[in-house]
Amino acid sequence: MPGAGANKVTSNLLTWYDRHARTLPWRTAPDQRRAGVWPDAYRVWLSEVMLQQTTVAAVKKYFEDFTTRWPKVHDLAAARDEEVMAAWAGLGYYARARNLLACARAVSATGGAFPASAARLRDLPGIGDYTSAAIAAIAYDEPVAVVDGNIERVISRLFCIDRPLPAARAEIRQKMQALTPQTRAGDFAQAMMDLGATICTPRRPVCALCPVNDHCGAYSAGTAEDFPVKKKKPAKPERVGAAFVAERPSDGAVFLRQRPPSGMLGGMAEPPTTAWSARQDGATGDEAAPFEASWREAGKVRHTFTHFHLTLTVWHARANTNQTLDGWWQAQPTLDQQALPTLMRKCLALALAKP
DNA sequence: GATACGTGGCT
DNA sequence: TAGCCAAGTAT
């Protein structure tokens, strides 16, 4: 019966977590915690920001890189913007990296200690409802309701919540708060997330292995895969544009520039591109090139963003320019150190491929 | 509440 | 393949 046995759900999950917690680079294992070992709030914060809408597998190498280069929040705060954007390149949602730096500098400027409550963490840039609660629970054991996508799924199944997301969030948060224990709140939040990631998965959940299946409304009804109910997303429109990869004849350096500080790929590097227009009026030809050259079409790059599909026509030229341009020439062996998003790396790879 | 904002893996 | 999904936040 949904809603019954809250204490049992909580204790079953904690016991399950003691045995089955995933080992993750940023995590303090439950037995360590019992022995009095507490995670470093800086590492918890960094991992949580990286994990926003991003898979564990993708985050691991970035987390290792960041914590090696910048072991403490003061180190990160002192880093140059371009250096951090380059280190973040490929991870996506680049506003996170800009907010990460702003947050590191704010924390560093006020002594270097992260605020110890969810309410005050929430005031920092890039830290919203989820991340503030996660840091407070994991780093300080504050008994606050942590609600991420995993937990939305687990809770909506446990209680058969059929109101579609995101409208169901308030109800889900309330249920999560009721399950959250006064002690081990951090382990409980991580237990719920691990359950969602490994057992209570979006498709083909492994209910037979679930430690709380006999308290689950959806399991008893045989409808686990019907939850959570989500509002349907609108189709992605198509956009088109062009990218121009100029290679300097003397040394093969490539012309790059920096994108505007906000908006798509804000603050990241690129070979010059046109605006990305709707298909009707997209400029894809070399008339939109940043300077005169013998531009040859290298091919097309297809890339899908969260809310649209993009096809860029990639142009290549061996050319120099005497014009003063807002950008720089970058040696090819050092391209991987630049803040180039995946889309731009695709364009460069296509244009610079040996025929 | 709705929309903008990346990328890669899986089915 | 095209669509869905992943430890969301800012506006």
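All chains are named by letter (A, B, ...) in the order of the sequence lines, taking the proteins before the strands, and each is independently numbered beginning at 1.
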Inset, instruction - May I ask you to say whether A/D65 pairs ionically with A/K61, meaning some side-chain N is under 4.0 Å from a carboxylate O? - result: no
Legend entry - Phosphate-side-chain proximity, A/K231 and B/dA2, N/O vs OP1/OP2 below 4.0 Å: yes
Inset, instruction - Indicate whether any N or O donor in one side chain lies under 3.5 Å from an N or O acceptor in the other, for A/Y93 and A/T54. - result: no
Legend entry - Integer-rounded Å distance: C/dG8 P and A/R153 CZ: 10 Å
Legend entry - Sidechain N-carboxylate O distance under 4.0 Å for A/D81, A/R105: yes
Legend entry - Nearest-angstrom distance from the residue atom CH2 of A/W45 to C1' of C/dT9: 15 Å
Legend entry - Nearest-angstrom distance from the residue atom CZ of A/R122 to C1' of C/dG8: 10 Å
Legend entry - Rounded P spacing from C/dT11 to B/dG6 in Å: 14 Å
Inset, instruction - Using a heavy-atom cut-off of under 4.0 Å over every strand shown, decide if A/V56 touches base, sugar-phosphate, or nothing. - result: base
Legend entry - Spacing between A/E225 atom CD and C/dC5 atom P, to the nearest angstrom: 11 Å
Legend entry - Summary of protein contacts for nucleotides 5-11 of chain B, nucleotide by nucleotide, where a base hit scores B, a sugar-phosphate-only hit scores S (4.0 Å, heavy atoms): BBBS---
Inset, instruction - May I ask you to decide whether A/R27 forms a salt bridge with A/D194, counting only side-chain N to carboxylate O separations under 4.0 Å? - result: yes
Legend entry - Integer-rounded Å distance: C/dG3 C1' and A/H309 NE2: 9 Å
Legend entry - Whether A/F291 and A/F255 hold their rings parallel, tilted or perpendicular, with breakpoints at 30° and 60°: perpendicular
Inset, instruction - Tell me yes or no: between the side chains of A/Q52 and A/Y130, is some donor less than 3.5 Å from an acceptor? - result: no
Legend entry - Listed partners of A/R120 passing salt bridge (charged side-chain N to carboxylate O under 4.0 Å, His left out), at least two apart: none
Legend entry - Sugar-phosphate only, base, or nothing, as touched by A/L310 at under 4.0 Å among non-hydrogen atoms: nothing
Inset, instruction - State plainly whether the residues A/D40 and A/R43 are in salt-bridge range, i.e. N to O under 4.0 Å. - result: no
Legend entry - P-based separation of C/dA2 from B/dC5 [nearest Å]: 24 Å
Inset, instruction - Examine the side chains of A/T180 and A/Q177 and answer whether a donor and an acceptor come within less than 3.5 Å of each other. - result: no
Legend entry - Atom-pair distance (NZ on A/K230; C1' on C/dG3), nearest Å: 13 Å
Inset, instruction - Pick base, sugar-phosphate or nothing for A/R204, based on heavy-atom distances below 4.0 Å to the nucleic acid. - result: nothing
Inset, instruction - Pick base, sugar-phosphate or nothing for A/K232, based on heavy-atom distances below 4.0 Å to the nucleic acid. - result: nothing
Inset, instruction - Name the residue closer to the 5' end of DNA chain C, choosing between A/P125 and A/R27 according to the nucleotide with the nearest heavy atom. - result: A/R27
Inset, instruction - Could you verify whether a donor N or O on one side chain and an acceptor N or O on the other, from A/T311 and A/R302, lie under 3.5 Å apart? - result: yes
Legend entry - Of A/W26 and A/G126, the one whose closest DNA chain C nucleotide lies more 5': A/W26
Inset, instruction - May I have the distance from A/D148 (atom CG) to C/dG8 (atom P), rounded to whole angstrom? - result: 5 Å
Inset, instruction - Stems involving DNA chain C: give each as a range paired with a range, ordered by first number, where a stem means at least three consecutive Watson-Crick or G-U wobble pairs under 3.5 Å. - result: B:2-5 with C:8-11, B:7-11 with C:2-6
Inset, instruction - Please state how far atom CZ in A/R169 lies from atom P in B/dG1, giving the value in whole angstrom units. - result: 9 Å
